[in-house]
Structure formats: structure tokens, C-alpha cells
Amino acid sequence: MDLDEIKQGLSTEKLETYRQVLECKSDSEVIAVYMAMQGIMSHFFTVVQLLEVTLRNSIHKAVTAQFKDDEWYKRVPISEESRKQVSFAEQQCIEEIGAKYYTSGDLVSRLPFGFWVHMLHKDYNNPRDKEHNIWQFQLHKCFPNAKQQNVSLNTIFQKMGTLNRFRNRLFHHEPAWKSRQTKNRSDAISYLNSMYGEHMEAIELLSSSKRELISLLGFDAKFTDECDIKNLDRFELLLNPEKEEEKAQAN
């Protein structure tokens, strides 16, 4: 196996982050750890997709019910950025489906996760602003488990914002395992375990059934099994079997 050829197809800068933060001393080690971390982070795609779709559909349903208008996105969004995102989604619908044929569902499905996170801002929880007041009436319908867990709108907004930033790093193929506190492999594994838990908590706020589904189908068990520092060591030994021989001789 040609490690130089493998390295050429990967970002040098990205590999250097792995080398420095995750304490990789050789090319075989950095590639092994890189691939092990990719395997761990691949488990996030299912839960991120489930969270994004559930949040989107739940908010759309809640706002449609509040204003009795499934095209609420044409007048309710407050921020300039949100309005730009709606305009962009509308243009996509026109180009891909046709101006006369696209539905509100087509447009809603094209709005990014960040749009839905911003819809949880306190600006939409103002009783004095009836044209934009959503969450005074719809919060516990959209997040049926928030009241029991004593979770406020602001906490949900902050939580979803954190998950949106993580999602963007994941989907842009950045080292999503790296937080400000990540200094070594153990920190990276702990952070990923923590973020998976954050996704589970967010899904639980929206739907107990979807949270149960993830467990029933074994997604969280598979993640827990793979998100372990032992797997990084296992990948290293597969690429560098001499290490195992050295350990055996040392013992």
C-alpha cells in the first residue's frame, strides 16, 4: 500500500491537524487515525438528518397552524438573512420545478438548517408583535417534551445553534471532532460522545418516538461501540502491524 499516494489525495493542512492534535508520529499513524475518525463521524449523518428534517417539519407545522397559512415564510421571517434564504429557495424551486408547479413543501425542504434554528429566536416570542409571535402559543406543540424537562425556548435556540455549527463542520468535511478544549485523542473522543448525546437530547425534545427508533435500530449502540479510543489503536495496528509485534516483545 502506497501511503504517499493516499496522502496526496487528502488535505495536507487537515492531516497536519490530526498529526498535531491527535499525537500522530508517522504517516501510517496519521492516516490510520484519520480513517478511524471518519468512521466514527459517519455515524452522525443519520441523526443529523433525522434532527434536521424533524425540526424543519415541526416548525413548519407549528407556524402554519399559528398563522393559518402554509406560505408564512413569505411574510413572517424577520432577519434579512432569513429573507434571503427564502428568496434563494424560491429561485431554486422556479429553476428546478417551475414557477407554476412548486408547492410550499418544495420550498420549505430547500431552506437550510440555519433558517430553522433562527426561527427559534426570541424575536418570535413577543406577545406585543402579533405578526411574528409564534412560540407563546406553539412552543410545547413543536417541542412536546420541553415542558416536562423544563427546557426554555432560549435553551433550545442555543442548543440548536451549537448543533448547526457542528453540522456545518461535519458536512464541509472539517475536523468536527475538534473543539476549543480538544488537546488530544481522549478529548476528541469525549467531545464526539458529548455531541452525539446532544443530538439525542434535541431529538427527544421534538419526538420521543424518533429517539426510541434510534435506539431500537441500534444506531446509538453502534456509535458507542465505535467511538472509543481503542478503535484508533486498532486502525493503527492494521496499518502498522509491527507495533503489535513490538508490544508482544515488550511483554
Practice task
Determine whether more than 12 heavy atoms belonging to other residues, nucleotides or ligands lie under 6.0 Å from atom CZ of Phe88.
Solution key: no
Practice task
Any chance you could lay out the side chain to side chain contact (heavy atoms under 4.5 Å, CB included) test for Thr155 and Ser152, step after step, and finish with the verdict?
Solution key: CA-CA 5 Å; Thr155 298; Ser152 67; 3.0 Å; yes
Problem - Atom pair CG (Asn231) and CE (Met37), whose distance is rounded to the nearest 0.5 Å - result: 11.0 Å
Handout entry: Contact check, side chains of Leu120 and Ile59, non-hydrogen atoms, under 4.5 Å
Key = yes
Problem - Donor + acceptor pair across side chains of Ser209, Ser207 (<3.5 Å) - result: no
Handout entry: Test item: Asn126 side-chain N/O and Asn133 main-chain N/O as donor-acceptor pair under 3.5 Å
Key = no
Problem - Ring center gap for Tyr34 and Phe235 short of 6.0 angstrom - result: no
Exercise for the section: Quick one: pull up CG in Leu205 and OG in Ser58 and give me the separation to the nearest 0.5 Å. Expected result: 11.0 Å
Problem - Side-chain donor-acceptor contact under 3.5 Å, Tyr102 with Gln92 - result: no
Exercise for the section: Taking the side chain as every heavy atom from C-beta outward, state whether Met119 and Leu55 have any pair of such atoms under 4.5 Å apart. Expected result: no
Problem - Val108-Tyr101 co-clustered via ILVMFWY side chain contacts under 4.5 Å - result: yes
Problem - Evaluation steps, side chain to side chain contact (heavy atoms under 4.5 Å, CB included), between Glu236 and Val33 - result: CA-CA 7 Å; Glu236 281 184 49; Val33 171; 3.9 Å; yes
Exercise for the section: Answer yes or no: is there a side-chain heavy-atom contact under 4.5 Å between Leu170 and Met41? Expected result: yes
Handout entry: Leu217 with Leu50, same ILVMFWY side-chain cluster at under 4.5 Å
Key = yes
Practice task
Go through the steps for Lys230 and Asp225 under the test salt bridge (charged side-chain N to carboxylate O under 4.0 Å, His left out), then give the verdict.
Solution key: CA-CA 10 Å; Lys230 293 179 182 178; Asp225 183 59; over 6 Å; no
Handout entry: Arg169 (side chain) donor-acceptor with Glu174 (main chain) under 3.5 angstrom
Key = no
Practice task
Using a strict 4.0 Å threshold on nitrogen-to-oxygen distance, state whether Asp27 and Arg19 make a salt bridge.
Solution key: yes
Problem - Backbone N/O of Lys61 and side chain of Thr64: donor-acceptor pair under 3.5 Å - result: no
Exercise for the section: Treating Ile, Leu, Val, Met, Phe, Trp and Tyr as nodes and any side-chain heavy-atom pair under 4.5 angstrom as an edge, say whether Met35 and Ile229 lie in one connected cluster. Expected result: yes
Handout entry: Ser79/His118 under side chain to side chain contact (heavy atoms under 4.5 Å, CB included): CA gap, chis, key distance, verdict
Key = CA-CA 9 Å; Ser79 77; His118 192 265; 3.6 Å; yes
Fill in the blank from the handout: Note: Met200 and Val47 closest approach over all heavy atoms is CE-CG1, 3.4 Å
Problem - Tyr196-His43 aromatic ring centre distance below 6.0 Å - result: no
Problem - His140 NE2: over 12 foreign heavy atoms closer than 6.0 Å - result: yes
Handout entry: Asp233 vs Leu237 side-chain heavy atoms within contact, under 4.5 Å
Key = no
Practice task
Please test Asp220 against Ser215 for side-chain hydrogen bond (donor to acceptor under 3.5 Å, both in side chains), starting from the C-alpha separation and ending with a verdict.
Solution key: CA-CA 6 Å; Asp220 50 359; Ser215 292; 2.7 Å; yes
Handout entry: ILVMFWY network linking Leu163 to Phe45, side-chain heavy atoms under 4.5 angstrom
Key = yes
Exercise for the section: For Lys210 and Thr54, run side chain to side chain contact (heavy atoms under 4.5 Å, CB included): C-alpha distance rounded to whole Å, both residues' side-chain angles, the deciding distance at 0.1 Å, then the answer. Expected result: CA-CA 9 Å; Lys210 287 186 175 67; Thr54 304; 3.1 Å; yes
Practice task
Find out whether Val21 and Lys183 are in side-chain contact, i.e. whether some heavy atom of one side chain is under 4.5 Å from a heavy atom of the other.
Solution key: no
Practice task
Show your reasoning for whether salt bridge (charged side-chain N to carboxylate O under 4.0 Å, His left out) applies to Arg75 and Asp69.
Solution key: CA-CA 10 Å; Arg75 60 183 180 84; Asp69 179 9; 3.7 Å; yes
Exercise for the section: Tell me whether the centres of the aromatic rings in Tyr18 and Trp177 are closer together than 6.0 Å. Expected result: yes
Exercise for the section: Check Trp116 against His60 and note the closest heavy-atom contact, atom names and distance. Expected result: CZ3-N, 4.1 Å
Problem - Glu29 with Arg185: basic N within carboxylate O range, under 4.0 Å - result: yes
Problem - Glu198 CD to Asn193 CG distance, which is reported to the nearest 0.5 Å - result: 12.0 Å
Exercise for the section: Measure the spacing between CD1 of Ile203 and OG of Ser208 and express it to the nearest 0.5 Å. Expected result: 11.5 Å
Practice task
Find the distance between NE2 (His199) and CD1 (Ile214) and round it off to the nearest 0.5 Å.
Solution key: 10.0 Å
Handout entry: Aromatic centroids of Phe115 and Tyr73 separated by under 6.0 Å
Key = no
Fill in the blank from the handout: Result for side chain to side chain contact (heavy atoms under 4.5 Å, CB included) between Val117 and one of Arg165, Lys159, Arg167, Met160 points to Met160
Practice task
Taking the side chain as every heavy atom from C-beta outward, state whether Met195 and Thr162 have any atom pair closer than 4.5 Å.
Solution key: yes
Problem - Test item: Arg211 and Glu201 side chains (from C-beta on) under 4.5 Å apart, heavy atoms - result: no
Exercise for the section: Without swapping roles, check the side chain of Tyr124 against the backbone of Ile78 for a donor-acceptor pair under 3.5 Å. Expected result: yes
Handout entry: Flag side-chain contact, heavy atom, 4.5 Å: Asn154 against Asn125
Key = no
Handout entry: Under 3.5 Å donor-acceptor, Asn184 side chain and Asp187 backbone
Key = yes
Handout entry: Ring geometry between Phe166 and Phe44 (parallel below 30°, tilted from 30 to 60°, perpendicular above 60°)
Key = tilted
Exercise for the section: Look at the side-chain heavy atoms of Ile, Leu, Val, Met, Phe, Trp and Tyr, link any pair under 4.5 Å apart, and say whether Leu107 and Val53 land in one connected group. Expected result: no
Fill in the blank from the handout: Rounding to 0.5 Å, atoms CG (Leu139) and CG (Leu153) come to a distance of 5.5 Å
